[in-house]
Number of protein chains: 2
Amino acid sequence: MNPKSETRKEEIISTAAKLFKEKGYSAVTMRDLASAMGIKAASLYNHISSKQDILKKIIISIAEEFTAGMNSIIESDSSNIEKLKQIVSLHVDITANNTNGMASLNNDWMHLEEQLDYYLQLRNEYEANFLRLIQKGISTSEIKDNSPEIIMFSMLTTLRSLYLWIPKKEDLDAKDLSQSLSVVLIEGINK
Amino acid sequence: MNPKSETRKEEIISTAAKLFKEKGYSAVTMRDLASAMGIKAASLYNHISSKQDILKKIIISIAEEFTAGMNSIIESDSSNIEKLKQIVSLHVDITANNTNGMASLNNDWMHLEEQLDYYLQLRNEYEANFLRLIQKGISTSEIKDNSPEIIMFSMLTTLRSLYLWIPKKEDLDAKDLSQSLSVVLIEGINK
DNA sequence: GTCTATATACCGATAGAC
DNA sequence: GTCTATCGGTATATAGAC
């Protein structure tokens, strides 16, 4: 609980997230992780209680960030289109701050044990809020009357895949990316 | 090589694809796979040579389908926007025919061994063709002058994630879905 | 806080009977 | 074509020395 051991623990978690992104949770062994940190596998257990504990800390913290961000967006009094743009920014910001962790959130959530139901609850609520926002936008004629499910699917999968793409564009400003992405996703690409 | 053993082999591969979609290649054991087929793990080896062999057959066959489809699209004499719509249909059709396999293609390609370089070559060529098509569309003023990389990223990640969504919409016609998705991706969502 | 040594379980794959 | 039995290797995790 002292600051030094917290730092070491966080170092383990961020190293694990990097390895999980490359090969997935199941294919990364505690020996791989220890080796990447320059220590032996047994030494990891002085800082974390299990491999599962690492995955849980990576995924749940990000999922809760998304929930908090979504709640603050839907409570604001912006237009529905404006709220969609804020969701784009939310994804860009969280992904830029934790690119590796986003890979685990997307690809390894099914390996959660005790926290699986909690994760699924947060995800379902997030998607329900997203869908309601699009439906409201359609009813106020801000958004074209297409299938709201297809609109949400298209936007959300693009935003969820940002972790694959952001590290390649380190020189790109988060605000610029949010802006460009909003234009493409909302205004379309054809002239 | 006789028809009956080919059928049994294909049964193993499609069962494996289903399990790989649920938990990922690394987390599925040969005992899991055998159990899902109602036999013992050792019996699998009468039909396939290794676990890796199963992954290879799932991924490479789909990757080659995409390559063939892309080549036939870029060689046609449609407009660039029309070609983009044909790419949408290509993804919808392949995903509808092999939803489980698409999960492995997206998430387990890094576990390929001998075939990894070949897979990456096919993927890079596919993305290069996609990007060139968008760049041509911009130069002919069919497509807005946004970043072609962002446009490709947005379209391609949505299309690559279709496997997550198509099984939930079994009642939906492939042609309808391609049409709706093309509208959302190309014309945007705002009025 | 890291080490060596090890417990216990499971992995992919093979041998050979039926 | 499937089985039982098993090999050699590796997984997560713990015990206890330093």
Side-chain angles (χ1 to χ4, degrees), chain A residues 1-59 104 107-116, chain B residues 1-59 104 107-116:
Chain A
M1 263 310 192
N2 63 62
K4 188 158 191 184
S5 73
E6 276 297 285
T7 293
R8 192 75 170 133
K9 182 172 182 173
E10 285 165 10
E11 195 183 341
I12 290 173
I13 291 171
S14 70
T15 304
K18 177 168 173 271
L19 297 182
F20 292 168
K21 184 190 176 196
E22 291 168 4
K23 303 203 297 176
Y25 174 75
S26 301
V28 174
T29 71
M30 296 302 274
R31 291 179 227 271
D32 291 336
L33 175 54
S35 169
M37 304 213 34
I39 59 177
K40 297 291 177 182
S43 306
L44 293 169
Y45 291 88
N46 216 60
H47 306 282
I48 50 94
S49 62
S50 67
K51 186 185 177 187
Q52 173 69 202
D53 184 48
I54 299 173
L55 184 69
K56 181 182 70 187
K57 288 196 157 54
I58 292 172
I59 292 182
S104 298
N107 303 322
D108 286 319
W109 58 266
M110 72 287 283
H111 299 118
L112 286 171
E113 293 166 8
E114 286 87 358
Q115 315 285 330
L116 178 59
Chain B
M1 262 307 194
N2 63 62
K4 188 157 189 183
S5 74
E6 276 298 282
T7 294
R8 193 74 170 133
K9 183 172 182 172
E10 286 165 8
E11 197 183 342
I12 290 173
I13 290 172
S14 70
T15 304
K18 176 167 172 274
L19 297 181
F20 292 167
K21 184 189 176 197
E22 291 168 3
K23 302 202 299 175
Y25 174 75
S26 302
V28 174
T29 70
M30 296 302 276
R31 288 167 173 85
D32 290 337
L33 175 54
S35 169
M37 303 212 35
I39 59 177
K40 297 291 176 181
S43 306
L44 293 170
Y45 291 87
N46 217 61
H47 306 282
I48 49 95
S49 63
S50 66
K51 187 185 178 188
Q52 173 68 201
D53 184 49
I54 298 174
L55 184 68
K56 180 182 72 187
K57 287 196 157 55
I58 292 173
I59 292 182
S104 299
N107 303 322
D108 287 319
W109 58 267
M110 73 287 282
H111 298 119
L112 286 172
E113 293 165 9
E114 286 87 359
Q115 314 287 330
L116 178 58

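Just so it is clear: chains get the letters A, B, ... in the order the sequence lines come, proteins before strands, and each one is counted from 1.
In this structure the side chain of B:L33 reaches within 4.5 angstrom of the side chain of B:I54, judged on heavy atoms. Side chains of A:M30 and A:I48 form a contact here, defined as non-hydrogen atoms less than 4.5 Å apart. Under the 4.5 Å side-chain criterion, counting only non-hydrogen atoms from C-beta, B:V28 is not in contact with B:E22. With a 4.5 Å cut-off on side-chain heavy atoms, A:M37 and A:I12 count as touching.
Along DNA chain C, the nucleotide nearest to B:A41 and the one nearest to A:A41 differ in position, and the one closer to the 5' end is contacted by A:A41. Both A:S49 and A:D32 lie close to DNA chain D; mapped to their nearest nucleotides by heavy-atom distance, the more 5′-ward contact belongs to A:D32.
Counting to the nearest Å, the P atom of D:dG1 and the CG atom of B:N46 are 6 Å from each other. Atom CE in B:M37 sits about 12 Å away from atom C1' in D:dT2, given to the nearest Å. Regarding B:K40, its NZ atom lies at a distance of 14 Å from the P atom of C:dC10, rounded to whole Å. Between A:L19 atom CG and D:dT12 atom P the separation is 12 Å, expressed in whole Å. For A:I12 and D:dA13, the CD1 to P distance is 13 Å, given to the nearest whole Å. The NZ atom of B:K23 sits 13 Å away from the P atom of C:dC10 (whole-angstrom rounding). In this structure, the OH atom of A:Y25 is 12 Å from the C1' atom of D:dA11, given to the nearest Å. Rounded to whole angstrom, the span from the NZ atom of A:K51 across to the C1' atom of D:dA13 amounts to 12 Å.
Side-chain atoms of A:D32 and A:T29 include a donor-acceptor pair closer than 3.5 Å.
An OP1 or OP2 oxygen of D:dA13 is reached within less than 4.0 angstrom by a side-chain nitrogen or oxygen of A:Y45. The shortest distance between the side-chain N/O atoms of A:S43 and the OP1/OP2 oxygens of C:dC3 is below 4.0 Å.
Residue B:I39 places its side chain closer to D:dT2 than to any other of D:dT2, D:dA11, D:dT4. Here the side chain of B:A42 is nearest to one of D:dT4, D:dT2, C:dT2, namely D:dT4.
One can find a donor-acceptor pair under 3.5 Å joining the base of C:dG12 and the side-chain atoms of B:R31.
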